[in-house]
Amino acid sequence: MDRIVLPGEYLGTIEEYVPGHNVYEINGKIFSNILGRIEINQKHMMINVKPLQEIPYLRIGEVVYGVVQELYNDFALVTIVGIEGIDREIVGGRQDGIIHISKISEKYVDEIGKMFRIGDIVRARVIKSKPSVQLSTAEPNLGVVKALCMKCRHPLIRQDNFLYCERCGRKETRKIANDYGNIKIKVKNKP
Ligand SMILES: [Zn+2]
């Protein structure tokens, strides 16, 4: 099972595997905590997810995918996990970038927590690459493309301008990309 998984992706059950590095368990099910490659220790049947290598460089204007790691008053810290290429196939990697509160939306944002939550997968454009990577989601096709319920970690579905949890009924807000829920993220490793 040599494949690349996204944060929150289902990996198997605790009857099949022992949870190892960069995974978490809910109700006997094991999920990946990061974007990385699955590694199974056959002797102990321990399942780990190994982080991908660093992305060597990013160009201004490129569209990337990232995972929201931390939220501050003025910006979100995002781990960039891939660059969008042909057919939305992502070249995997890893680098940090920030999205300033003024670059989240075309509209004014008063509170960053209404737009992003930790663990969200976002599609963003590189607007600055040095000295640190800065990203923007202020376009209709940019923003959150996948999010999990904050309460029960079930994938949220879109309902008009909100995201909705079918399992617990919770309603959440995000800066939603216009194709939220319709994209299949396919990741390949850098050659
Ligand atoms: Zn829920």
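Whatever order the structure lists them in is the order used to number ligands and atoms, beginning at 1.
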Worksheet item: Just checking, Lys171 and Tyr164: is the charged tip under 6.0 Å from the six-membered ring centre and within 45° of the axis?
Response: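 Relative to the ring axis of Tyr164, which defines the angle, Lys171 lies outside at least one limit.
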
Worksheet item: Residues in salt bridge (Lys or Arg N to Asp or Glu O under 4.0 Å) with Glu70, at least two apart?
Response: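 Glu70 satisfies salt bridge (Lys or Arg N to Asp or Glu O under 4.0 Å) with no other residue.
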
Discussion item. I need the protein N, O or S atoms closer than 2.8 Å to the Zn ion (ligand 1), given as residue plus atom name.
Written reply: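 Listed by chain and number, the nearby protein N, O or S atoms are Cys149 SG, Cys152 SG, Cys165 SG, Cys168 SG.
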
Discussion item. Are there over 12 heavy-atom neighbours, none belonging to Asp110, within less than 6.0 Å of that residue's CG?
Written reply: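 Yes, enclosed.
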
Worksheet item: Is Arg174 reaching over with its side chain to a backbone N or O of Phe116, donor-acceptor style, under 3.5 angstrom?
Response: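 Pair absent, no side-chain N/O of Arg174 close to backbone of Phe116.
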
Worksheet item: Below 4.0 angstrom, N of the basic side chain to O of the carboxylate: do Arg37 and Glu39 qualify?
Response: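 The answer is no: the pair does not qualify as a salt bridge.
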
Worksheet item: Salt-bridged, Arg125 to Glu139, with N to O below 4.0 Å?
Response: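 Yes.
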
